[in-house]
Amino acid sequence: MRMMWNALPSDPQTLITWEWKDFEPYYQDLQQRPLNAANVQAWLEDWSALDERLMELRSRLHVATAVNTADEVARQRLEAFFDHLFPRAMAAEQALKQKLLASGLEPAGFEMPLRNMRAEVALFREENLPLLAEEQKLIQEYDRILGAQTVEWEGQERTVQQMRPLLQETDRARREEAWRQVAQRQLADREALNDLWVKLFRLRQQIAHNAGFASYREYRWQQLLRFDYTPADCERFREAIAEVVVPLAVARYEQRRRQMGLPHLRPWDTEVDALGRPPLKPFNEVEELVAGTARIFARLDTTLATYFETMRRENLLDLENRKNKAPGGFCTEFAIQRRPFIFMNAVGIHDDVSTLVHESGHAFHVFETAPIRLVHLLEIPMEFAEVASMSMEYLTLPYLEAAQGGFYSAEDADRARLNQMEGALLFWPYMAVVDGFQHWAYTHPEEAVDPARCDAAWGALWERFMAGVDWSGLDDEMKTGWQRKLHIYEVPFYYVEYGLAQLGALQVWRNAQRDPAEAVAAYRRALALGGSRPLPELYRTAGARLSFEAGVFREVTAAMHAAMQTWERSA
């Protein structure tokens with residue numbers, strides 16, 4: 001039997017051909033083995049090795065469809081995975097969790113996985129397996145719809161992402177025309193996205209009902225393993241944003257309006273330099289982005305720099321935007337090799353620098369946890385996984401200047417820092433809209449199944465949290481904003497994590513202002529814990545507090561304001 005386990009493939013090209021018949025004997029062996037205190041560690045290690053193969057297969061198939069949404073072979077492989085292998089594997093995983101829990105064994109250091117397994121076992125329903133597979137296929141359809149969106153601009157076909165740099169140009173009429181062309185192309189898919197939303201929404205309601213929950217929100221809360229805060233805490237968080245952050249955001253928009261000399265600030269006026277300077281241009285070619293980011297990490301921390309160079313050397317970066325590439329950016333893990341893979345859509349703007357260092361933070365999490373033998377201890381709360389990524393956006397700010405390894409002159413580096421910090425401030429109100437919309441939708445299912453009511457709910461939240469920009473005459477464009485937030489379609493309720501993590505990451509940044517080396521050391525210590533400790537402890541290890549209160553917002557935004565004033569004077 002050990003010979004069989006020694007034959008588990010490590011080569012991705014072999015693994016990608018595996019079907020359920022290849023996985024099944026290993027699950028059967030784990031299920032049939034007697035389980036006791038003497039052999040539980042070996043049993044867990046074998047289970048972990050099997051899970052690594054399953055996780056890597058899923059990641060490889062997902063990456064193949066993301067890098068080319070028009071690749072029919074990749075799409076069919078992914079659909080086959082979710083149709084045939086995924087449901088059977090989830091049923092087998094459920095049986096192993098039940099076996100371990102029924103044994104009463106509690107291996108040392110395994111407290112968090114056992115807690116998670118109890119919640120997952122309670123959620124499991126056989127009849128939900130095909131529904132969960134169908135959900136994943138509908139998510140791929142969302143990627144396909146958005147990935148195909150292009151406009152013709154000056155005789156060339158451009159993706160929506162490739163149009164973004166135009167919003168930073170100083171010619172206002174040109175910005176507006178670019179913004180409107182993109183908006184019209186996005187609105188052309190309004191009905192298709194409405195139909196997709198209804199299918200996903202009804203499917204999720206059925207999944208929750210099958211599992212015995214009164215609402216999908218209750219089901220999803222447990223599925224996301226949110227043990228340390230409640231929906232009521234999210235409401236407190238949004239109220240704190242309304243109280244502390246929204247007035248500061250409105251003041252920033254008003255300052256921008258005055259600097260630009262405009263009677264009203266319009267949506268196409270929010271990304272251009274308010275003083276009329278040319279857009280920041282950190283790089284022309286993607287290799288320049290990679291090289292500059294490598295230099296920044298070399299200044300920040302030698303170990304983190306080594307991790308990034310490993311990704312560069314092993315071709316674990318797919319960064320440039322192109323047609324038929326899925327939208328957004330992500331970092332996934334190839335679990336067998338314990339290697340990360342970064343996917344994004346770079347077009348030559350400063351946001352690309354921010355995105356790459358952000359996703360590198362996720363990648364560093366993979367490297368720091370590589371010594372952890374059991375994948376069950378790598379189930380990291382997303383609220384902290386995003387601290388790992390967002391902290392990198394702020395810890396790298398001192399090194400944006402070319403003299404420090406980065407991309408810019410001293411003046412442009414301060415502009416970039418100012419933009420980064422202002423973007424963080426302006427993000428919280430938007431996060432509140434996305435989070436509030438999802439809480440509304442899944443607690444008002446009779447209304448939310450009607451896309452017109454979704455438009456109205458999004459519009460009401462937008463008007464409350466996003467004051468400062470004039471959207472008059474753009475009702476359709478504003479109210480359909482929920483359709484362009486992929487998290488709402490693909491990972492429901494996964495957005496408050498960004499707001500919480502940003503508050504945590506900015507606390508890490510404040511620590512770095514006092515002691516940069518210790519701040520990075522604490523950050524790495526927290527990452528190395530993986531998912532072995534509760535969420536509040538992960539925050540504390542990194543030097544931050546998990547908080548939903550207005551008081552912490554006041555402390556952090558005061559530090560942000562002071563830094564922005566310094567950068568404004570020099571920029």
Going by the side-chain hydrogen bond (donor to acceptor under 3.5 Å, both in side chains) test, name the single residue among Q184, E177, E176 that passes it with R180.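 Result: among Q184, E177, E176, E176 is the only option passing the side-chain hydrogen bond (donor to acceptor under 3.5 Å, both in side chains) with R180.
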Considering the options R190, K479, Q483, which one meets the side-chain hydrogen bond (donor to acceptor under 3.5 Å, both in side chains) requirement together with D455?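 Among the candidates, only R190 passes.
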I'd like to know if the side chain of [X] reaches the main chain of [Y], judged simply by a donor and an acceptor atom lying under 3.5 Å from each other, with no hydrogens or angles considered.
X: D412; Y: E401; result: no
X: H444; Y: W440; result: yes
X: R158; Y: M163; result: no

Salt bridge present between [X] and [Y] (N-O < 4.0 angstrom):
X: E411; Y: R415; value: no
X: E169; Y: R175; value: no
X: E254; Y: R258; value: yes
X: E518; Y: R524; value: no
X: E422; Y: R252; value: yes
X: R554; Y: E243; value: yes
X: R339; Y: E333; value: no
X: R144; Y: E141; value: yes

Can you confirm if the aromatic rings of [Y] and [X] lie within a centre distance of less than 6.0 Å?
X: F364; Y: F297; value: yes
X: W179; Y: W471; value: yes
X: F553; Y: F237; value: yes
X: F330; Y: H62; value: yes

Flag yes if more than 12 heavy atoms outside [X] fall under 6.0 Å of its [atom1] atom; otherwise flag no.
X: H439; atom1: NE2; answer: yes
X: K281; atom1: NZ; answer: yes
X: E285; atom1: CD; answer: no

Please verify the inter-ring angle class for [X] with [Y]; under 30° counts as parallel, over 60° as perpendicular, anything in between as tilted.
X: F427; Y: Y498; value: perpendicular
X: F341; Y: F334; value: tilted
X: W197; Y: F201; value: tilted
X: Y142; Y: Y489; value: parallel

Would you say the side chains of [X] and [Y] form a donor-acceptor pair under 3.5 Å?
X: D189; Y: Q149; answer: yes
X: S354; Y: E393; answer: no
X: T332; Y: S59; answer: yes
X: Y394; Y: Q507; answer: no
X: N321; Y: Q162; answer: yes
X: Y307; Y: E368; answer: yes

Output, in order, the C-alpha distance, side-chain angles, deciding distance and verdict of side-chain hydrogen bond (donor to acceptor under 3.5 Å, both in side chains) for E386 and H362. CA-CA 7 Å; E386 294 298 344; H362 287 308; 3.3 Å; yes
Please examine the side chains of R312 and L316, heavy atoms only from C-beta on, and report whether any two atoms are closer than 4.5 Å.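 Sidechains of R312 and L316: no contact.
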Given side chain to side chain contact (heavy atoms under 4.5 Å, CB included), test L461 with V434 step by step and report yes or no. CA-CA 9 Å; L461 286 162; V434 177; over 6 Å; no
For the atom pair CZ (F384) and OG (S391), what is the distance rounded to the nearest 0.5 Å?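 F384 CZ to S391 OG: 7.0 Å, rounded to 0.5 Å.
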Please round to the nearest 0.5 Å and tell me the distance separating atom CD of Q140 and atom CD1 of I145.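 The CD1 atom of I145 is 12.0 Å from CD of Q140, to the nearest 0.5 Å.
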Against the six-membered ring of F343, is K325 placed for a cation-pi contact (under 6.0 Å from the centre, within 45° of the normal)?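 The answer is yes, since K325 meets both limits relative to F343.
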